[in-house]
Peer 1: 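The following block contains the structure, expressed as structure tokens.
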Protein chains: 2
Amino acid sequence: VPEIKMGLRDQKKRRTRDALTVAALRLVDERGLDKVTVEEITEAAGVSERTFFNYFATKHDALISDLTIEDDDVRGRFLAVPPTVPTLDALLIALAPMLQAIQDERDVWLLRLRVLGDNPTLLIEMQACSAIAEQELTGDIAARLGIAADSGYAQLTAAVAGTAVRVALMRWSAGAGRQPIAELVHEAFASLSAGLNHPFDKEET
Amino acid sequence: VPEIKMGLRDQKKRRTRDALTVAALRLVDERGLDKVTVEEITEAAGVSERTFFNYFATKHDALISDLTIEDDDVRGRFLAVPPTVPTLDALLIALAPMLQAIQDERDVWLLRLRVLGDNPTLLIEMQACSAIAEQELTGDIAARLGIAADSGYAQLTAAVAGTAVRVALMRWSAGAGRQPIAELVHEAFASLSAGLNHPFDKEET
């Protein structure tokens, strides 16, 4: 059956790609970004340099790019949630499968977050991706509510939601991934929905 | 009286410094970051290259650094607000003089924000500063409430407050500074305090 054959071939491609990413992350984690070549990555993964460039344009690409995130349809899921659901709740629904995938690949993600934290150059490239994601989310939030794309509400909510996910990932990484990332993101979003009131604030008012 | 003499000397230093910053921003705005030299900046400001390096370590420094912000004691003011005042309200009180200073230097700030937006390299250097400011604010929020410095509440609130100020500056810049930056920051913080509920969300619930 052709579909199964394609499925197997895709699985093999995915395994090769993942092996290259893991090899790249491990070597950079050990030696530092500037002390690892594509040749060394391909040797560690047991493939040719030509194969590497079938999957990645650059060394950095192999460290940053993740198909679990890139192929994931967060935006589609978000726009599919009825607009009567508050924005932050709709975002949590849309993010859930992606967060589960990150938790399932915990070791690679913890390694990636460590490598990003140690290498500002990579962090900067990630931030460029985040800026694009923030613009897209701003448009989606506005479209979902039928409000102007340059509305302050859409801009602020998109930026703050991205920040909340970033903080949750920092905390997940600091805790070696023991508390599920989905839980940490839910906690952060609950805190946002509650107006960032600290329990002590509530006691006082 | 010695104090007045010092005051005048400091004023002169400040004017020289500001003239260098404005010259640097204008030239980079016109020609692009890589097409402006320190020599051209000092010529435009009418001072020697040696004078430039009395004030700034690098060309980038002259574009990014701003004494109104750097000398401002936001942290001191924040820690002085009684802990019974909710965190976001205390931050607004602490930020007010700085926001007024930005509004007072509107033209330079709008120029700086445009130059930053056009030059990712500079934006990245600013983000490094933001990361440090976020860590400091996390510690201050925790200290003010007497909670652990790695508490999720302090981390999230510091990161989100920084994001809200960034979004307000983006909107201020997009509106050519006509709506006061203090108003835009207040709007953003009010939206955070209200749990990022869109008016439409409220209608539905």
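Bear in mind that the values here come from a model prediction, so they are computed numbers and not experimental data. Lettering of chains follows the sequences in order, A, B, ..., and the numbering in each one begins at 1.
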Peer 1: Other residues, nucleotides and ligands only: do more than 12 of their heavy atoms fall within 6.0 Å of CD on A:Glu183?
Peer 2: yes
Peer 1: Rounded to the nearest 0.5 Å, what's the gap from CG on B:Leu156 to CE on A:Met170? Could you check?
Peer 2: 10.0 Å
Peer 1: Given side chains that start at C-beta, do those of A:Leu192 and B:Val160 come closer than 4.5 Å, heavy atoms only?
Peer 2: yes
Peer 1: Between A:Gln127 and chain B, with a heavy-atom cut-off of 4.5 Å, which part of the residue counts as in contact: side chain, backbone, both or neither?
Peer 2: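 A:Gln127 touches chain B through side-chain heavy atoms alone.
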Peer 1: Distance check, rounded to the nearest 0.5 Å: A:Phe189 atom CZ versus B:Leu196 atom CG?
Peer 2: 9.5 Å
Peer 1: With a 6.0 Å cut-off (strictly less than), is the heavy-atom count around CD of A:Glu49, excluding the residue itself, greater than 12?
Peer 2: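 Atom CD in A:Glu49 is packed in, count exceeds 12.
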Peer 1: So how far is it from B:Asp150 CG to A:Arg171 CZ, rounded to the nearest 0.5 Å?
Peer 2: 6.5 Å
Peer 1: With a sphere of 6.0 Å drawn around CD of B:Glu43, does it hold more than 12 non-hydrogen atoms of other residues, nucleotides or ligands?
Peer 2: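 Atom CD in B:Glu43 is crowded, with more than 12 foreign heavy atoms closer than 6.0 Å.
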Peer 1: So what's closer than 4.5 Å to chain B heavy atoms on A:Glu187: side chain, backbone, both or neither?
Peer 2: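 When you check distances to chain B, no heavy atom of A:Glu187 falls under 4.5 Å.
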Peer 1: Would you say B:Gln179 has more than 12 foreign heavy atoms packed within less than 6.0 Å of its CD?
Peer 2: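 Atom CD in B:Gln179 is crowded, with more than 12 foreign heavy atoms closer than 6.0 Å.
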Peer 1: B:Val167 and A:Ala159: which non-hydrogen atoms are nearest, and at how many Å?
Peer 2: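 Scanning both residues, the minimum pair turns out to be CG2-CB, 3.5 Å.
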Peer 1: With a sphere of 6.0 Å drawn around CZ of A:Arg77, does it hold more than 12 non-hydrogen atoms of other residues, nucleotides or ligands?
Peer 2: yes
